[in-house]
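What follows is a single structure, written as structure tokens, with notes after it.
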Amino acid sequence: MKRAYYIFYKDFSSELRMRFALNALIMFVIVAVSTILFSLANEKVNQNVYAGMFWVVVFFSAMSGLSRTFVSEEERGTTLILSLIANPISIFIGKFLFNLVLLFFINTIIAFLYMILFQDFSIQNWDSFLLAFILGNIGIAGSSTIIAAIISKANVKGTLYPVLAFPVLLPLILMLIEITKSAMEGNPISDVEAELMVLISYDIIMITASVLVFDIIWRD
Amino acid sequence: MNNIQLIVKNLKKTFNRRLVFDKLSFEVRAGERLVITGKNGSGKSTLIKILAGVMNESSGSFEYIFDSGKIDREDIYKIIGLVSPYLVLYDEFSAFENLKLFAKIRNLKIDDDKINQILEKAGLFNRRNDLVRTYSSGMKQRVKYASAILHDPLVLLLDEPTSNLDIEGKDFVDELVQNFRKDGIVVVATNETQDFKYGQRIINLDDYKNNQSK
Amino acid sequence: MKTRYYIGGFIIVVFLGLLFYNFTRTNIEYESDFTQVMAKGKTCKATGVWVKEKSFQEDVQNRTFIFYLRDAKNNEMKVIYRGIKPNNFEIASNVVVTGKYENGVFHATDVLTKCPSKYEGQNINTSGS
């Protein structure tokens, strides 16, 4: 665990110096949110649309930013030194933690922007929204970490990521949209109990499976 | 009694259908120094990577035995130190930061003085706080040596050990290999005839091409 | 080493089952019995017929639309829809409302109208030949 933390720490301080992912992510969020803002102008839109659009922006910002974790190591050739100083499980957990922190940071910005810019995006039930937000971030970070590891070994890095990520993340995104809709309507948390259970199961499956297959992906 | 042993049995590596080497078997005991040689493309670096546990072999096996117990594949990284031209360090950090990070990630109990000491031995003390990006290739090679001996490994794998190094650097490598722990193993992959002096035994990978299978 | 895979595989299988079980629960159920709708208080799709005698109220400014639905067993239910009246509401043979029953009123988030098809009469006529 300690090793994983220092791998996280390494990535974190490297990100602070180099901004591999952060700049791209922030630019993407600004462009996406302002495009939505301008196109909607003062139009009254169904609340459900906002729930969908929120997670669409989250999904694509995850696509553009999170794959960098392994791809940048692979491109710079530092994969070798990394595998010489740590075992695969610590590497995976370290990278996962880094993606998780990055995702929380960027998604908090997105949620914040949505709340000030769109009056209709108002959460009535914070409990269920926050729960969905946390579980959703864990799920997205977990699956993007393992997908990033897979594509860093492939030849066509850029295009492969959305192709692989879409089917994996689809059930997650569907559940998240449902819960967000329900939270915006102010329904009690018991209403989305089944959806939350799906999220929890998804997160646990994703992380267990990733830990199991990661060392196979990592070597070779 | 610490007793490390490297046993390679019938090791074979192919890239897709191209054979790199086949039926490679040898044993290295504690205290032995082995030189691996062969033409360009004969698979020296491939063998080093496999022995370092970062690349999978195609068939056959290799194992490190320590105190008559086999070392797990996942733990190999703890006992080896690797220096090679294709090893790339984190160039957004300084040499000191690199070593400090490696020590932390490896969970070593090493203080800053010890790191400084290693850097001084490698002749990098004066520029230890400059980013690795600004280093010459010879200096980078020295940082690699520093990072390879940081955790006091039992096995030292050196791929083209003296590439990019000046006379002083070569002396440093000579001294390092000579003074390397007597209960450890050194494997050197090289084409430079002057590097052959490091080993007591030489294996030529060109002898392990099984051409009949083609 | 092997045990790790067994434990991991076990966890995956268990939660995969849990995931599918809950996934099927997330689908919104159709309900044609209003007593069930009222008893459950869960989000569902209620199907019924518009009670023409009680008419409807429409408030365009506040975007609310209030009407009554009746199911096959003659149970009536008041429906409040936050939105405007669907176009062919008056001629609809059947109405499907998605929402939740709360405090004596069904709060709908969506109203679907099933219209009698204009080919329907034709069908009956031609089916004999």
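Residue numbers start from 1 in every chain, and the chains themselves are labelled A, B, ... in the order their sequence lines are given, proteins ahead of strands. Computed over heavy atoms, backbone and side chain alike; hydrogens, waters and symmetry mates excluded.
- From A:Ile204, atom CD1 reaches atom CD1 of C:Ile12 across 11.0 Å, with rounding to the nearest 0.5 Å.
- Counting heavy-atom neighbours within 6.0 Å of C:Phe56 CZ, excluding the residue itself, gives a total above 12.
- Taking all atoms of both residues into account, the shortest heavy-atom contact from A:Val211 to C:Arg4 is O-NH2, 3.9 Å.
- For the set A:Val192, A:Leu174, A:Ile89, the count of heavy-atom pairs under 4.5 angstrom toward chain C peaks at A:Ile89.
- Of the listed residues (A:Ile200, A:Leu199, A:Leu212, A:Leu196), the greatest number of heavy-atom pairs within a distance under 4.5 Å of chain C belongs to A:Leu212.
- Heavy-atom distances place no part of A:Met206 under 4.5 Å from chain C, backbone and side chain included.
- Residue C:Asn22 holds its CG atom at 6.0 Å from OG of A:Ser201, rounded to the nearest 0.5 Å.
- The contact between C:Leu18 and chain A is made by backbone and side chain atoms together, counting heavy-atom distances below 4.5 Å.
- Remark: C:Leu19 CG to A:Met197 CE distance equals 9.5 Å, nearest 0.5 Å.
- One distance of note links CZ of C:Phe15 with CG of A:Asp203; it measures 10.5 Å at 0.5 Å rounding.
- Here the closest heavy-atom approach between residue C:Phe23 and residue A:Pro171 is recorded as CE1-CB, 4.5 Å.
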